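Here the structure comes first, spelled out in structure tokens, and everything after it is commentary.
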Amino acid sequence: MRVLGIETSCDDTAAAIYDGEAGLLVHRLASQVELHRQYGGVVPELAARDHIKTLLPLLDHLINDPRNGGVKPHAVAYTAGPGLAGALLVGAAVGKSLAQAWGVPAVGVHHMEGHLVAPMLEAAAHKTPLVCPLLALLVSGGHTMLVDVENLGAYRILGQSLDDAAGEAFDKTAKLLGLGYPGGPAIAQAAQRGQPRRFVLPRPMTNRAGFEFSFSGLKTQLRNLASRQPLDQQTIADLALACEVAVVETLRIKCKRALRHTGRNRLVVAGGVGANQRLRQRLRQLGDDMGVQVFYPRAQLCTDNGAMIAYAGYLRLFGELSNAADAPRAPTAKPTQSGAFEIRPRWSLADL
Ligand code: KG4
Ligand code: ZN
């Protein structure tokens with residue numbers, strides 16, 4: 001079974017084709033970074049318009065790529081939420097329309113479930129299947145959450161961010177320091193030149209019980225520090241390092257707590273911030289200390305991509321998730337004649 005996956009929830013137009021036997025056949029991505037850079041963040045209306053321009057030519061290339069050979073997919077998966085409403089509508093409209101024209105099923109995928117299964121897609125390709133139960137740390141620009149995964153489709157959110165997501169904290173800090181957009185990679189790069197411990201920022205909420213996060217205070221602390229000294233290149237690098245260390249250590253402390261609490265011996269890390277090398281290294285160390293296996297997708301599949309949506313759609317329609325008690329509610333798993341494009345810009349993983 002071959003599934004076409006379409007991702008347009010934010011500022012990447014991405015698509016991929018996953019084959020149940022051959023694995024990931026082909027994936028393509030068109031980033032809108034240049035479009036949004038001048039605004040220092042994603043402008044929703046511009047994002048939606050750019051998806052409209054980019055998606056069909058991108059799909060054309062994908063379907064006709066020699067690795068797919070023009071073959072019509074057996075199903076279409078698209079991101080139905082959460083995300084920017086206008087941006088989601090483009091992927092949903094195109095995905096459902098194609099499915100209807102081809103006479104194949106369409107399935108709306110939860111973006112965070114996509115992130116969650118990305119490491120499994122990698123593991124499957126390496127013939128070392130990643131099985132449940134496990135603990136998942138999902139860290140992106142819109143979400144930061146710890147999820148206890150008893151089985152695929154059975155998610156218990158242990159805790160999430162009460163305000164800014166980890167990636168959002170990086171993006172806002174980078175803007176403040178004039179490091180540009182997207183902030184995560186810019187902070188990581190600047191931090192390499194930083195002097196350890198010149199500035200130390202608190203690890204928010206680690207002295208309280210529970211698994212909640214709060215990253216919005218970091219930006220204020222950083223602004224205060226930045227206003228007290230000249231922002232030369234070294235100071236910017238030192239502040240970037242302090243920010244990166246604070247976020248990474250906070251995530252590590254909460255992961256350790258959640259691993260102890262759940263007794264899980266597998267940790268999956270996914271979402272854009274999962275591409276961060278310091279985070280990977282610190283969590284790998286934690287895994288070694290606790291006898292826990294730690295899994296990441298390659299950096300390309302940490303950030304938004306079509307492969308994770310194709311794979312999650314495959315699992316929902318034909319794989320392990322096809323019997324999940326509650327299939328995603330919003331979009332239908334059958335070809336629809338109604339032509340309604342249902343999306344859920346706000347959609348909790350727990351609803352699955
Ligand atoms: O998963 P993603 O591509 O999109 C969302 O679903 O939000 O994540 C994007 C976020 C951005 O906040 C970006 O700054 C952050 O991931 N990010 C990183 C790195 N690469 C991307 N953060 C830290 N280190 C990185 N290397
Ligand atoms: Zn994402």
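Just so you know, ligand 1 is whichever comes first in the structure, and atom 1 is the first atom listed for that ligand. Fair warning: this is a prediction, and the values are worked out from it, not measured in the lab. For the numbers below, each heavy atom of this structure counts, side chains included, while hydrogens, waters and symmetry mates do not.
Atoms of the protein (N, O or S only) found under 2.8 Å from the Zn ion (ligand 2) are H111 NE2, H115 NE2, D304 OD1.
Side-chain rings of H261 and F211 approach one another, their centers coming within less than 6.0 Å.
Closest to atom 12 (O) of ligand 1 among all protein heavy atoms lies D171 OD2, 2.8 Å. Ranking the protein heavy atoms by distance from atom 10 (C) of ligand 1 puts G141 N, 3.4 Å first. Among all non-hydrogen protein atoms, the one lying nearest atom 3 (O) of ligand 1 is D304 N, 2.9 Å.
Contact annotation: P185 has at least one heavy atom less than 4.0 Å from an atom of ligand 1. Note on ligand 1: H115 sits in its first shell, one or more heavy atoms being nearer than 4.0 Å. At a 4.0 Å cut-off, not a single heavy atom of H143 sits close enough to ligand 1 to count as contact.
The pair R156-E150 does not meet the salt-bridge criterion, since no charged nitrogen lies less than 4.0 angstrom from a carboxylate oxygen. The residues R278 and E244 are annotated as salt-bridged, a charged nitrogen and a carboxylate oxygen being separated by less than 4.0 angstrom.
Here the options are L158, V294, V268, the test is side-chain contact (heavy atoms from CB on, under 4.5 Å), and the partner is L135; only L158 passes. With respect to I309, the side-chain contact (heavy atoms from CB on, under 4.5 Å) criterion is satisfied by exactly one of T79, V3, T8: T79. E249 pairs in a side chain to side chain donor-acceptor pair (under 3.5 Å) with only one of the listed residues (R282, K254, R203), which is R282.
Side-chain atoms of R280 and Q277 include no donor-acceptor pair closer than 3.5 Å.
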Worked check of salt bridge (charged side-chain N to carboxylate O under 4.0 Å, His left out) between R344 and D351: CA-CA 11 Å; R344 292 181 76 176; D351 290 350; 3.5 Å; yes
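Around atom 26 (N) of ligand 1, the closest heavy atom drawn from N276, T79, V273, N305 belongs to N276. Here atom 20 (N) of ligand 1 lies nearest to G272 when heavy atoms of G272, G184, S9 are compared.
The atoms of ligand 1 that sit less than 4.0 Å from any heavy atom of G167 are 12 (O).
At most 12 non-hydrogen atoms from other residues, nucleotides or ligands lie less than 6.0 angstrom from CZ of R49.
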